[in-house]
Structure formats: structure tokens, C-alpha cells
Amino acid sequence: MPDQLNSAQLEAVQTAAGPLLVLAGAGTGKTRVVTYRIAELIRRGTPAGRILGVTFTNKAAGEMRQRIREILGKQKELPEISTFHSHCVRILRRHIQHLNYPSRFAIYDRRDQLSIARNVLREIRVAANVLRPDDLLAIIGSWKSNSIRAAEAERLAETDRQHVAAVGYRRYQQALRSMGAVDFDDLLLLTDDLFSQHSGSRREEASRFDQILIDEYQDTSSSQYRIIKALAVGHRNLCVVGDDDQSIYGWRGAEVEHILRFKKDWPDAKVVRLQENYRSSMEILQVANRLIEFNKKRFDKQLHSTRIGGERPQVLQFRDETKEAEAIVADIYRWVENRGIPPSDIAILFRTNEQPRAFESELRRAHLPYTLVGGSSFFDRKEVRDLLAYLRVLSSPRDEVSLLRIINLPPRGIGMKTVSRILDVAVSNGVSVWELIERPGELSEISPVALQSLDAFRSLIKSLRRNIEKRTVVEIVRNTVERIGYREEMERIYSDPQEIQSRWAAVEELTNAAAIFDERFKTGTALEGFLDDLTLDAQERESDKEKKLDQDAITLMTLHAAKGLEFPHVYMVGMEEGILPHHRSLKDNEEDVDEERRLCYVGVTRAQDRLTFSMAQTRRKWGKPRPTQPSRFLYELTGQAEGAHTPDKATSTNQMAAPDTRRRAKRKSLR
DNA sequence: TTAGTGACACTTTTT
DNA sequence: GTGTCACTAA
């Protein structure tokens with residue numbers, strides 16, 4: 001990327017007022033334009049605090065903040081850069097009482113949602129072969145992303161399955177509300193509700209900013225779309241940036257149509273197209289262009305390369321996924337050790353979160369530094385979820401999912417029977433579980449021993465909550481771990497000292513996160529903010545030292561997580577039918593495959609200099625090796641498949657070899 | 001009634 | 001590797 005902005009970029013940066021649509025291909029400097037535009041607005045006199053920048057992930061928000069800080073210099077006030085969800089949380093914390101919600105609400109992540117869905121299905125007696133909890137969540141999610149509420153869902157339902165799901169949806173929302181909790185979709189839906197029902201709140205929130213900039217606009221859902229409109233309709237200074245070819249969140253309600261509709265909503269909008277790719281070598285860009293032409297529904301767009309030549313992308317085949325990992329890591333090792341390539345220049349991209357396992361162990365064996373981005377890691381750890389549940393109960397005892405998780409953890413004599421008895425009474429008397437624990441008089445048929453245990457539990461929670469507003473989050477965490485005897489419990493359950501060690505490390509990591517949080521925010525209801533940040537993954541979890549280590553590590557991540565990033569050396573692994581495209585997208589319709597193709601396109605366009613595809617001929621699934629087929633995308637991007645929308649290019653250029661023909665040579669070269 | 005053990009199924013992508 | 005279910009011992 002040159003230091004000078006080209007004319008299109010300059011136009012996007014300097015258009016100061018009115019709606020602006022930036023249609024930008026991959027690697028054309030999209031984020032750079034947003035960053036410079038914000039800096040330019042500030043330079044021209046807009047106070048930084050009056051600018052709202054919305055990104056898709058917290059990672060992207062952090063990077064953007066960092067770059068703006070670099071451009072502006074340290075002493076200046078910074079603009080508000082945040083994700084949609086984080087921004088909505090802040091709005092709701094200020095106004096949610098208008099919607100008859102307590103302002104102390106907890107945010108439930110997928111695991112919590114699953115737990116509620118399970119209970120709902122049990123309550124309405126739905127067998128697992130009719131609807132499983134994750135099915136219910138998927139259906140509710142698709143309704144929510146189309147702004148369909150439970151009542152409407154019940155009207156719209158046609159099939160039996162939909163009827164059951166609609167009933168489940170209603171119960172699910174009731175459960176959330178009674179626990180004072182919201183899920184991720186609710187953050188957007190409730191904000192949308194708030195703005196449409198309470199114009200005062202809308203005006204107040206809209207008047208906070210004079211300029212709004214949205215990155216990755218192709219991934220906005222309909223509730224996000226309406227929220228943006230509600231915030232921007234007054235000042236009309238709305239700049240959106242996106243690329244329809246990189247729309248990969250359709251399954252979450254993202255609609256490419258919003259970016260198409262922009263000109264209709266804002267007829268005077270200025271449109272700027274960025275079509276010069278500064279990132280990838282010509283060879284890589286050719287592969288990308290060839291691939292994406294197989295998608296029929298797309299904006300007419302041509303990406304020009306500004307770089308000539310480059311290394312031709314390779315396709316490697318291996319016997320199984322272990323061999324794949326071995327060989328790829330061996331290849332990386334040679335680049336790092338023999339050619340002095342910094343590990344941070346290298347990324348391994350994959351479709352699903354189970355794929356990196358084999359690569360991780362190979363990388364460890366080779367003593368190559370790596371970081372696994374996203375995935376399950378931290379929050380899926382039992383220890384983290386245990387402690388988090390305690391913290392949530394301390395923050396709000398109405399949080400039933402958390403309360404039920406910790407009520408007998410570590411074991412304290414409150415078993416299944418007692419819990420289900422409490423739940424029965426709670427449901428029939430219409431009171432919360434915590435209320436029953438506080439007033440056990442309403443409980444009947446519970447053994448005196450269990451009552452005693454309940455009483456001890458109540459005192460424990462009460463004493464942990466004492467003075468909670470005055471304490472720092474670290475103190476709360478340490479105190480909780482201490483008082484519940486978590487270390488002792490760990491030593492009791494696990495015999496292997498190494499396992500205890502690694503599990504305890506997660507506890508320490510959570511404590512560190514709390515310490516970092518305390519440093520940054522010294523005021524207010526700290527615990528609640530900490531929990532919000534953790535759930536929305538808005539935390540800067542690593543200390544500075546670890547961050548520096550990370551900076552020189554190989555990156556492992558999913559294709560979804562890779563959006564917006566770039567690396568000199570990219571490996572796209574597991575290029576097989578059923579993985580990319582994923583088999584769940586093959587079932588229904590063509591459009592799902594198009595989204596998988598865009599996902600592949602996103603991966604390809606991350607690469608700057610060198611791109612390697614790999615696949616395994618057999619892959620283990622549930623322990624059994626099964627033969628695989630090369631991904632159709634491999635044929636498409638090598639020009640060996642029919643049906644590209646502009647098929648002329650496919651035969652004109654000198655092709656890289658098909659997966660099969662190239663195999664022997666490649667494997668040799670890797671040894 | 002509770003605590004501990006083993007079989008079992010589950011893994012698309014994420015805020 | 002993890003949560004859930006069914007079974008058994010105390």
C-alpha cells in the first residue's frame with residue numbers, strides 16, 4: 001500500500017458531508033479510507049467525540065483505534081469506535097427501563113441460550129427427534145434477525161416444526177425476561193424497539209454524534225440497518241463501506257440488499273468505488289477473480305492489481321489430515337528457519353474450529369510460535385464459565401442459568417432432587433429461584449439437610465456480595481475463588497498435577513483480565529462492565545508482554561475471523577467438499593454455496609505474496625477415516641470448472657496444475 | 001438423596 | 001476434549 005492515497009480514496013476521505021457509499025473490493029484500502037476519513041473530519045473541525053465508527057469485530061475496533069491514535073498523536077481526544085453490539089449495550093443500559101426491563105440485565109451467550117432452549121423444550125415436552133435445542137435456537141435466530149417477534153412467529157408458522165418453534169420462542173423470551181437477561185440478537189432488537197417506541201431516547205442517542213461511519217456494511221442485518229437509519233436520519237452524515245463479494249454472514253441475518261438499497265434510501269448519496277487492489281500479487285488476484293466469477297448475483301466489479309508477477313498459488317494433496325498438518329508445518333518451518341520469514345507473516349486459515357487441532361500440535365512440536373484466534377479456547381473452559389457464573393450471580397442473583405450452574409459447585413449437598421423441587425415451586429408460585437433461597441419457608445418436601453445446605457449457600461452468596469460496589473473486580477474474583485475453595489476443589493477432582501496446573505492457569509488468566517479491566521475503568525458498577533466486556537469479547541485480555549510475543553507468531557484462524565486482515569503467506573487448509581463448501585450449506589440451495597464461495601474468496605484475498613491450498617484425501621470424522629473429494633472451488637479457481645460467469649479467462653492463462661496431477665511432485669518438494 | 005463413574009453424542013461460521 | 005444421561009455405591 002503506497003503512502004499516497006489514490007484519487008478514489010482521496011474522494012472518499014475528503015467528502016465531508018452527506019451520505020456516502022464506498023464500494024470497495026478486497027485489498028483496496030477500505031479500512032484505511034475509514035481511518036483517514038475520521039482523521040480528516042477531526043482535522044476539519046468535527047470534535048472527535050462527535051464521531052461514531054462502527055466495526056464488525058472488537059479486534060477491528062481495537063486496530064482502528066490504534067491507527068487513529070497514530071495519525072492524531074497521543075494527546076487528542078479519540079472518536080467512539082465500537083462494534084454494533086457494544087454500542088447497543090451502552091444505549092440499552094441508559095434507556096432499557098422504557099421497555100420494562102431492569103437496567104441490570106445480563107447478556108447471555110450461546111451456551112446460556114442453549115441451556116434455556118433445553119429447559120424450554122423440556123417444559124413444553126418436545127422430543128429431541130422433533131426439535132433439538134440448537135435447532136430451536138437456529139429458528140429463533142432467523143426470526144430475530146428478520147425482526148420477527150414471538151407473537152408474529154406464531155401467526156406465520158406453517159409447518160408443525162415451526163409451530164413448536166414459535167411456542168418455544170415465546171417461552172424462551174419469557175425465560176430471558178424473567179431472569180433479567182438478553183441474548184445477542186436482543187441487543188439489536190431491543191435497541192430497534194427502543195428507537196421506534198420512544199422517540200425521546202432515539203433523539204437523545206442520535207444527537208450524540210454528527211458523523212457515523214460503518215465498516216463491513218455488507219454484513220448488516222435488518223435490525224442493524226434500522227438502527228443505523230434511526231441514528232443518522234437527522235444529520236445525514238453517514239458513510240458506509242463494504243464489498244458484496246465479502247458478505248459471509250448471511251446465516252446470521254446479514255443482507256447484501258442493504259448495500260444495494262443505500263442509493264434508494266439516500267438518493268443524494270455519493271458513491272465511490274475502490275477497484276485497485278494493493279494487497280495481492282497478480283497471480284493471487286487472478287485466482288480470486290476467476291473464483292468469484294462463478295457467483296451470479298453480484299455487483300459488476302473489476303479488481304485491478306497494482307502488483308505484477310508473483311508466485312503462482314499451489315495446491316497440495318496429502319493422505320490424511322495428520323500428514324497435511326505435518327507437511328504444512330514442515331513447509332512453514334523452512335520458510336521461517338531457512339529464509340528468515342517472521343512467523344507473524346504467516347497465517348493458516350480453515351473453515352471449522354475443529355481443524356486447527358492437528359496444526360497446533362505440529363506447530364508445538366516444531367517449536368514454532370502461534371496464536372489461535374477466536375475459536376473456543378478461553379470462554380469454553382469449564383473453569384472460566386464456573387467463575388463467570390459466580391460473578392454473574394453476584395452481579396444479579398436473578399440470573400438463573402448461572403445460579404443453577406453454581407448452586408452445587410463445588411458439591412455442597414444440594415442435589416438434583418432438591419434443585420428440581422425448588423424449580424417446581426418457583427414455577428408454580430411465580431417467584432425466582434433466588435427468592436426461594438432467600439425465603440425457604442415457601443419450600444416444602446425438602447429434607448432438613450438440604451435446607452441447611454441451601455442456607456449455607458445463601459449466606460455465602462450474600463457475604464460475597466457485601467460491599468461489592470466498592471471493590472475492584474480483581475478483589476471480587478480473588479475473594480470468590482478463595483471463599484468457594486476453588487483450588488481445593490480442582491485438586492480434589494483432578495489427579496494429574498499437570499492438568500491442575502493448566503486449569504488453574506485459566507483462573508489466573510481471568511484474574512489478569514480483571515486486573516486489566518480495573519486499570520482502564522476505575523469508576524461505576526465495575527463488575528457489570530467487566531461481564532459485558534467478557535461476554536461481548538470486548539476485552540483486551542493479554543498483558544503487554546504477551547501481546548509482544550503474539551506479534552511474532554503464526555496466526556491460526558477461521559476464514560470468518562480472517563475478514564479484514566492480510567498476510568504475506570497464507571495457507572488455506574482442508575480444501576475439500578463438505579468442509580469448504582461445508583456440507584450443511586450443500587443441502588438446501590445454491591445461494592448457500594455462493595456464500596461459501598465468497599468465504600473462499602475472502603480467504604484467497606487475504607494473501608499478499610504466497611498462497612497455498614491443501615487438502616487431505618481421507619479425513620477422520622468421529623474417529624473413522626473417510627475418503628474426501630477435492631473442493632469444487634479448487635477446480636473453479638484453477639480454471640478447470642465450467643460455468644464461470646465470464647468464462648473466457650479460464651482457458652486463456654497458463655493454469656496451475658489440477659490437484660491430482662500435481663500431487664507427487666508437491667509431496668516430494670515438501671520432504 | 002447425593003456423588004461418582006462410564007458411555008454417548010456432538011462440532012459451521014460469530015457478536 | 002465436554003456436557004449429559006443412566007447407573008450404582010454410600
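Labels below follow one simple rule: chain letters A, B, ... track the order of the sequence lines, proteins then strands, and each chain is numbered from 1. Computed from a prediction, not measured in an experiment: that's the story for all the values here.
Aromatic ring centres of A/Phe294 and A/Phe633 lie farther apart than the 6.0 Å criterion allows. Taking the six-membered ring for Trp, A/His560 and A/Phe350 have ring centres at least 6.0 Å apart.
For A/Arg385 and C/dT2, the shortest distance from a side-chain N or O to OP1 or OP2 is not below 4.0 Å. Phosphate contact (OP1/OP2 of C/dT2, side-chain N/O of A/Arg503, threshold under 4.0 Å): present. Between A/Arg132 and C/dT4 there is no side-chain polar atom (N or O) within less than 4.0 angstrom of OP1 or OP2. Taking 4.0 angstrom as the limit, A/Arg351 places none of its side-chain polar atoms (N or O) nearer than this to OP1 or OP2 of B/dT11. Close to B/dT15, at under 4.0 Å from its OP1 or OP2, lies no side-chain N or O of A/Thr535. Phosphate contact (OP1/OP2 of B/dA3, side-chain N/O of A/Asn408, threshold under 4.0 Å): present. For C/dT4, the OP1/OP2 oxygens have a side-chain nitrogen or oxygen of A/Arg118 closer than 4.0 Å.
Using a 4.0 Å heavy-atom distance criterion, A/Thr418 is classed as a sugar-phosphate-only contact. Residue-level contact check: A/Asp134 touches the backbone only, with heavy atoms under 4.0 Å from sugar-phosphate atoms and none from bases. If you check every strand for non-hydrogen atoms under 4.0 Å, A/Arg492 touches sugar and phosphate atoms only.
Here, C/dT4 and B/dT12 have their C1' atoms 22 Å apart, quoted to the whole Å.
Side-chain atoms of A/Leu409 and A/Tyr486, non-hydrogen and from C-beta on, do get closer than 4.5 Å to each other.
For A/Glu80, the salt bridge (charged side-chain N to carboxylate O under 4.0 Å, His left out) test picks out A/Arg90, with sequence neighbours left out.
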